[in-house]
Amino acid sequence: MKGGHRPRPRPFVHVNCAISLDGRLAFSGGRRAPLSGPRDLARVQRLRAELGAVLVGVGTVILDDPSLRVHWELLDGPRGADPVRICLDGSGRLPSDARLLDGSQRTIIATTRATHRDYPATAETLVAGDGPEVDLAQLLGSLWEAGVRGVLVEGGAHVIASFLRASLVDRMTVYVAPVVIGGVTAPSMAAGPESHSSDEWVELLRESVEALDDGVLIRLRPRRPPAGSPPSPL
Ligand SMILES: NC(=O)c1ccc[n+]([C@@H]2O[C@H](COP(=O)([O-])OP(=O)(O)OC[C@H]3O[C@@H](n4cnc5c(N)ncnc54)[C@H](OP(=O)(O)O)[C@@H]3O)[C@@H](O)[C@H]2O)c1
């Protein structure tokens, strides 16, 4: 690349989520909604295993307390390596008794220079940016250097919005369940900055649509591929 600036290598980023027909990620107040059917759940386990790392925001940990482990019993074939678990925690809100701090598999807490917090020794910390939010490009560069080649971003609404707005998404899968949650406070698929016109929305291209369980699975990629987009590790 003569004279050019080579982008810092980063892992492949796949965003996955399940939503209701009205685009909600959860019930009012953020209470977890069982939107996926059995085949979709197995698909997500396979993605976790294949990508090698699973990432959520601290909001999801506080509300859902996910283990982020692979439920190998839902998959055919032998048990593989457990993925690295990653949590974005810009202001040190991660509960000390969160299940992802149980020490059962490698776990990274992504923080910022503004995070003043001691974490249990069961997790590594990785500082990315000055805060208040974790700098996603810096984080991905550091994860690449730590040997991570793929990241499954599972949510929630703020984290999905941040990855999309930062053009750091290489593939997205959305499972749409045939249910309506309704109301005005249930979180939608993406939070973050408001859009006032089509200049501000994030455009994706549909790759495929598949009937799955009682709903549909939509596979998408960005309309404008991100600079330095790495190949899929799958
Ligand atoms: N249906 C699904 O597939 C699915 C999957 C996952 C989650 N969910 C739902 O999503 C909801 C939680 O979503 P949420 O929006 O409240 O929380 P979230 O996106 O999980 O976490 C957001 C928090 O992460 C921290 N953060 C640090 N750096 C960030 C960055 N660069 N970008 C964005 N966030 C950053 C911020 O907290 P600090 O300022 O404290 O650092 C922020 O408030 C829950 O209701 C959960 O059930 C649904």
Side-chain angles (χ1 to χ4, degrees), residues 10 13-37 40-41 43-45 47-48 54-68 85-95 98-100 108-117 119 125-143 151-169 172-181 183-193 202 212-213 215-218 220:
R10 65 163 176 84
V13 175
H14 183 139
V15 173
N16 181 77
C17 62
I19 60 172
S20 61
L21 267 185
D22 51 335
R24 312 306 180 97
L25 276 183
F27 291 119
S28 173
R31 199 162 62 83
R32 198 181 155 274
L35 294 164
S36 290
D40 190 54
L41 280 177
R43 181 188 65 83
V44 175
Q45 303 312 305
L47 277 179
R48 286 182 177 180
V54 187
L55 181 150
V56 293
V58 68
T60 295
V61 176
I62 290 169
L63 283 159
D64 297 355
D65 195 17
S67 72
L68 299 184
R85 304 182 286 195
I86 304 163
C87 175
L88 306 187
D89 189 26
S91 49
R93 294 193 288 142
L94 183 67
R99 289 166 76 198
L100 58 76
I108 296 175
I109 306 169
T111 66
T112 72
R113 276 181 273 281
T115 315
H116 302 291
R117 163 86 192 268
Y119 291 100
T125 51
L126 216 161
V127 178
D130 295 328
E133 294 204 324
V134 174
D135 182 318
L136 300 181
Q138 263 191 45
L139 170 66
L140 291 174
S142 301
L143 289 173
V151 178
L152 180 66
V153 174
E154 293 201 12
H158 284 88
V159 167
I160 290 174
S162 290
F163 274 91
L164 287 169
R165 292 277 175 205
S167 297
L168 289 170
V169 177
M172 184 160 181
T173 38
V174 181
Y175 175 75
V176 186
V179 298
V180 174
I181 289 181
V184 289
T185 62
S188 71
M189 192 190 76
V202 177
L212 186 67
D213 294 321
V216 290
L217 177 69
I218 309 173
L220 306 137

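When a ligand or atom number is given, it counts from 1 through the structure's own listing order. No hydrogens, no waters, no symmetry mates; every other heavy atom, side chains included, goes into these values.
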Please determine if V134 has a nitrogen or oxygen closer than 3.5 Å to a nitrogen or oxygen of ligand 1.
-> yes
Return a yes/no value for D64: is any of its N or O atoms, backbone included, closer than 3.5 angstrom to an N or O of ligand 1?
-> yes
Looking only at distances, please establish whether an N/O atom of ligand 1 is found under 3.5 Å from an N/O atom of I19.
-> no
Going by atom types only, do Y175 and N16 share a side-chain donor-acceptor pair under 3.5 Å?
-> no
Which protein non-hydrogen atom lies closest to atom 1 (N) of ligand 1, naming both residue and atom, and how far is it?
-> A18 O, 2.8 Å
Considering only heavy atoms, which of R93, E154, R32 lies nearest to atom 36 (C) of ligand 1?
-> R93
Filtering L94, T60, L88 for the heavy atom nearest atom 7 (C) of ligand 1 leaves T60
Do N16 and ligand 1 have an N or O pair less than 3.5 Å apart?
-> no
Going by the atom numbers of ligand 1, which of them fall below 4.0 Å from some non-hydrogen atom of L63?
-> 44 (C), 45 (O)
Would you say V159 and ligand 1 have an N/O pair spaced under 3.5 Å apart?
-> yes
Who gets closest to atom 17 (O) of ligand 1 by heavy atom: S91, G59, G30, S162?
-> G59
Taken in chain and number order and not counting sequence neighbours, the residues that satisfy side chain to side chain donor-acceptor pair (under 3.5 Å) with S91 are none
